[in-house]
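Quick note on labels: first sequence line is chain A, next is B, and so on, each numbered from 1. Since we're looking at a predicted model, the values are computed, not measured. Values below: all heavy atoms of this structure, side chains included; hydrogens, waters and symmetry mates excluded.
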Amino acid sequence: MIELTIDNMTVQAHEGETVLQAALKHGIEIPHFCYHPCLSIAGNCRVCLVKVDGRPKLMPSCNLEATPGMRIETVSEEVLAARAAVMQFIILNHPGDCGICDKAGECRVQDYHVRYGEIDPVSIEPKHRKPKLYDLSPRISLDNERCILCSRCVRFTREVSGSHMLGIVERGCHSRVARLEGKVFDDPYSDNIISICPTGALLSRDFLYKSRVWYLEPVRSVCTGCARCCSVNVWRRRKRWHVRSLGAEKNAAAYRITPGENPEINGHWICNKGFDLHKAMGRPRALAPLIAGRSASVEEALQEGMKMLSEAVNPAALISAHASNEELEAFRIALGSRMRVYTREDHSPQPGEVLEDDLLIRADKNPNSRGVRELFGDRPYDATAGHDLVLVWGDLDDYAPLGKARILHLTSFVPPQGQSADLLIPISTVFERSGTFTNFEGKANRFDQVFDKPKLVQHAGELFGGLAA
Amino acid sequence: MSCLKEKFDRLTTNGPEGMSALVDKFSELRGGYPEEMASSLVLPLLQLTQEAKGHLTESDAVFIADYLGVPAMQVVEALSWYTMLYREPVGRHVIKVCRNISCSLTGGGRLMGYLERRLGVRQGGTTADGRFTLLAVECLASCGTAPAMQVNDTYHERLTEARIDQILKELP
Ligand code: SF4
Ligand code: SF4
Ligand code: FES
Ligand code: FES
């Protein structure tokens with residue numbers, strides 16, 4: 001441990017830690033654009049300048065190793081003046097179009113300008129024009145005028161995702177972030193650059209102009225896209241900004257997904273499938289109970305379910321790898337000993353999807369296979385076992401492989417086309433309930449409830465007691 | 001705004017015709033470099049290619065990147081950095097007029113205007129007959145003898161309008 005003084009406060013730093021890291025750890029804010037804890041140090045933005053006692057010039061704190069006895073000033077007049085000058089330079093060619101920029105409200109350039117600068121640049125030259133709304137990829141729009149050339153996005157593709165697909169071309173104030181013209185920027189982790197861009201240069205085309213960010217709030221959830229179980233933030237509209245004229249759908253929509261920082265599981269990143277989680281949850285829903293394809297009330301459905309279970313001679317259950325640990329436990333207690341339990345992967349890899357890589361993506365495209373396995377093993381369905389009833393839990397494309405058994409299907413989404421289960425009870429999605437999944441490494445990750453469940457939809461965990469009665 | 005995008009998408013993507021003929025030359029050069037220093041060959045190979053083809057496109061950069069096993073974006077960055085690498089077809093003679101401080105102080109701007117009028121092109125342009133391309137460049141390191149310009153590989157210093165007339169007349 002090294003001891004140094006920052007603004008008259010004694011702080012500790014590890015060997016090799018920088019002054020910026022030590023300051024941030026102790027709640028001392030030093031502004032920074034290009035520094036990111038998971039990327040190499042570029043030291044190009046200069047907004048992190050601090051005064052080091054005994055050195056004539058201000059130093060960039062992101063690139064300054066803490067040494068014992070060092071005395072740092074981050075708020076002296078000299079530092080503040082330099083910071084304001086750096087900000088003035090950074091916005092020299094910045095279009096200042098916050099009014100039409102999705103990043104406004106969570107933009108470092110905006111925040112620092114207000115906090116540390118608010119001096120307009122003095123230049124007799126008109127501002128440089130660069131491409132706006134440039135299609136960096138089918139998922140990302142790039143506004144080169146807003147880019148401050150911090151190179152975070154470029155370093156991300158070189159150091160994290162490894163696609164090397166971005167670069168900075170041209171020189172000086174003509175520099176701009178670019179991809180190859182002849183190639184699609186299809187990095188499976190591309191959307192992380194939207195999250196780490198300190199300004200409104202990189203924007204999600206899916207989220208583009210959908211909402212101002214201050215109307216939204218994040219809720220901690222877990223991606224169900226694969227067995228990594230990355231933490232994500234699901235952005236919903238704040239209660240006090242629910243307004244009737246928007247309509248029910250927009251008031252209760254998941255506007256966007258961003259990575260949820262989780263050092264145990266996914267660090268700062270998620271893959272693009274995670275960024276699309278709200279789309280996966282937006283698939284056509286099963287919203288009302290169906291008895292042999294005809295809609296029924298919840299009471300009728302529960303009655304029918306109880307009857308089916310009590311009549312069954314040789315019942316089986318096909319457990320969902322999208323069920324939470326709490327739901328699995330509820331099932332085990334209520335019905336586990338009354339039926340033969342089989343497990344399965346609800347979702348298998350789709351054509352074109354990355355199967356597995358060294359960063360996050362896992363070949364098992366379900367969140368809780370490990371949790372299921374720990375409770376129920378991994379026996380696949382045995383069609384020759386002569387079951388007369390199968391309780392199917394989760395998504396299933398085709399009932400045919402289940403043979404002649406009657407089917408009681410608990411599902412969040414519409415069931416196979418042209419087939420109807422003997423009984424279908426709609427259940428809540430990951431956005432509508434809370435719980436935990438156990439990822440492939442055995443680490444539990446908790447998700448909170450983002451939205452109320454639709455009226456006729458049930459929480460699976462609360463059904464089993466009733467069905468068993 | 002679409003015009004802006006096109007302006008910035010200058011790197012056209014023609015097929016890498018003629019590149020395979022260059023590979024022999026590439027290999028010859030490569031022999032002189034340690035294996036782990038492949039990226040040091042980026043500039044020499046871009047230059048070789050430009051000598052052979054006149055100007056460079058993104059697909060040339062991609063070809064070189066694949067040949068060297070370095071990321072293509074790295075080669076494109078280098079290609080876009082250097083004014084001596086041309087990303088558009090240039091004329092038979094390339095005139096580069098210095099626009100940096102010493103030359104500006106000694107009339108470089110005026111001389112650029114003179115050349116524009118004489119050749120009938122704006123800076124950055126190529127004459128209709130394909131004879132001249134007129135470019136503005138940064139310091140040519142001839143500050144002591146400013147104003148300066150470079151025509152193809154030859155330096156011309158202490159320029160005046162009369163001197164420029166003479167230089168142009170002597171060009172084939
Ligand atoms: S696009 Fe954003 S992240 Fe990339 S260099 Fe520009 S400001 Fe930095
Ligand atoms: S790696 Fe898996 S869990 Fe993480 S975001 Fe991607 S699909 Fe979701
Ligand atoms: S954060 Fe230190 S130079 Fe950018
Ligand atoms: S300024 Fe023109 S040669 Fe240096």
Considering only distance and modelled atom types, tabulate donor-acceptor pairs under 3.5 Å from the side chains of residues 103-110 of chain B, sequence neighbours left out.
from, atom 1, to, atom 2, distance (Å)
B:Ser104, OG, B:Arg99, O, 3.0
B:Ser104, OG, B:Asn100, O, 2.9
B:Thr106, OG1, B:Ser102, O, 2.8
B:Thr106, OG1, B:Cys103, O, 3.2
B:Arg110, NE, B:Glu161, OE2, 3.0
B:Arg110, NH2, B:Glu161, OE1, 3.3

Show every donor-acceptor pair shorter than 3.5 Å between a side-chain atom in residues 23-35 of chain B and any protein atom, with sequence neighbours excluded, or say none if there are none.
from, atom 1, to, atom 2, distance (Å)
B:Ser27, OG, B:Val23, O, 2.8
B:Ser27, OG, B:Tyr67, OH, 3.4
B:Arg30, NH1, B:Tyr67, O, 3.1

Which donor-acceptor pairs under 3.5 Å do side chains of residues 38-49 of chain B form with protein atoms, sequence neighbours excluded?
from, atom 1, to, atom 2, distance (Å)
B:Ser40, OG, B:Met37, O, 3.4
B:Thr49, OG1, B:Leu45, O, 2.6

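Other residues, nucleotides and ligands contribute over 12 non-hydrogen atoms within 6.0 Å of the OH atom of B:Tyr86. B:Ile101 CD1: 12 or fewer foreign heavy atoms inside a 6.0 Å radius.
Contacts between residues 200-215 of chain A and chain B, defined by a heavy-atom separation under 4.5 Å, are made by no residue at all.
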Show the numbers, then the answer: is there a side chain to side chain contact (heavy atoms under 4.5 Å, CB included) between A:His164 and B:Val70?
-> CA-CA 10 Å; A:His164 294 264; B:Val70 302; over 6 Å; no
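Taking both residues in full, the closest heavy atoms of B:Met73 and A:Arg179 are given as SD-C, 3.8 Å, listed atom of the first, atom of the second, then distance.
Listed for the A:Glu181 side chain is no donor-acceptor partner under 3.5 Å among the backbone atoms of B:Glu58.
A:Arg176 CZ to B:Ser80 OG: the interatomic distance, rounded to the nearest 0.5 Å, is 7.5 Å.
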